[in-house]
Amino acid sequence: MIGEARRDAILAMLKLEGFVSSSWLQHEFSVSDITIRRDLDKLAKLGLLERVHGGARTTWNGGAVRQEAAFQERVQSFPDQKKAIGQRAAMLVEEGSSIFLDGSTTVVHMAQFLDSFKKLTVVTDSLAVLQALAHAPGIELVVLGGSLQEDGNTIDGPFAMENTEQIRVDTLFFSCSGLDAQGVYNPGTVGTHIKRLLIAKAKRRVLLASSEKYGLHDFYLLCPLADVDVIVTDAPPSPDAEEAFSQHAIELLIAGADR
């Protein structure tokens, strides 16, 4: 693939996902790290993306938080990776328990592995989770009332927050746009308020995050890293990331592995 076509493909991926890692691009296009760095630098100079540690993300608009890609586009990006993480996370769910599934695309992939439960209470702020589990006979499905957000999937706002104040679940399953030794981040306000409330109240907090998200930070701090109990990811993290997880006694689970 010639340089111009490759850079167009990178921008298309950014539109879908919001972030791309340099290592993933290098593998996807079978080119050197230097080539990818030059591509990203050139696009950054044109103002078409923002260079961040480990890759690039979509640009900020007039100093405001960038708008997230439409949910239905994002849910179809990197489906195998998200499915593997979701399947591993579903193994943590116990019969008879109560869980919260957030509106992230990775957690939505997790929902497909829950329809065989005989007794499970699922609370969600996601229309996609509602659709995925609406006909599962063993699941009591509770959907927060509130305002539909700009991603076309997530319910948030004052009413949703009031409803969230009234519940407490055994396990919160949520995702993020980035994490580092200091905390876990969201790209914008969509879903942020509900997740913050539940992080403070849930008995166990399980973060679903692909391995390239470590080292990235974004506009909204969801919580300190110490507030996470379990991280489910798709590949072994860097030594720095694994050390940070160990310092906070976070259980690390890798999809497709024994750990």
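Counting only N and O atoms by type, the side chains of Asn186 and Ser177 include no donor and acceptor under 3.5 Å apart. For the residue pair Ser104 and Asp102, a side-chain donor N or O sits within less than 3.5 Å of a side-chain acceptor on the partner. Side-chain atoms of Asn153 and Ser126 form a donor-acceptor pair, as typed in the model, at a separation below 3.5 Å. Judged by distance alone, the side chains of Asp180 and Tyr185 do bring a donor and an acceptor atom under 3.5 Å apart. In this model, a donor atom of one side chain and an acceptor atom of the other lie less than 3.5 Å apart for Thr105 and Lys82.
Between the Arg205 side chain and the Ile199 main chain, a donor and an acceptor come within less than 3.5 Å of each other. Panel note: side chain Arg196, backbone Leu221; a donor-acceptor pair is recorded below 3.5 Å. The backbone N or O of Lys119 lies less than 3.5 Å from a partner atom in the side chain of Glu95, making a donor-acceptor pair. A donor-acceptor distance shorter than 3.5 angstrom exists from the side chain of Asp234 to the backbone of Ser211, with no hydrogens or angles considered.
Note: Ile167 CD1 to Leu144 CG = 5.5 Å, rounded to the nearest 0.5 Å. With rounding to the nearest 0.5 Å, the separation of CD1 in Ile250 from CD1 in Ile231 is 4.5 Å. Remark: Leu25 CG to Leu40 CG distance equals 6.0 Å, nearest 0.5 Å.
With sequence neighbours excluded, no residue forms a ring-ring contact (aromatic ring centres under 6.0 Å, His included) with Phe113. Looking at residues two or more places apart in sequence or on another chain, you find no side-chain contact (heavy atoms from CB on, under 4.5 Å) involving His27.
Between Glu50 and Arg57 there is a salt bridge, since a side-chain N of the basic residue sits under 4.0 Å from a carboxylate O of the acidic one. Ion pair Asp170/Arg204 not flagged as a salt bridge, since none of the NZ, NE, NH1 or NH2 atoms sits closer than 4.0 Å to an Asp/Glu carboxylate oxygen.
When every heavy atom of Lys195 is checked against every heavy atom of Ser175, the shortest pair comes out as NZ-O, 3.3 Å. Smallest separation of non-hydrogen atoms from Gln81 and Ser210: NE2-CB, 3.5 Å. The shortest heavy-atom contact between Leu120 and Glu94 is CD1-O, 3.9 Å.
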Residues Phe174, Val184; criterion side chain to side chain contact (heavy atoms under 4.5 Å, CB included); working and verdict: CA-CA 11 Å; Phe174 69 110; Val184 181; 4.2 Å; yes
Does the pair Leu252 and Glu242 meet the rule for a side chain to side chain contact (heavy atoms under 4.5 Å, CB included), with working shown? CA-CA 8 Å; Leu252 179 64; Glu242 191 151 16; 4.2 Å; yes
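With contacts defined as side-chain heavy-atom distances shorter than 4.5 Å, the pair Thr192/Leu222 qualifies.
Residue-environment remark: CD (Gln112) exceeds the threshold of 12 foreign heavy atoms within 6.0 Å.
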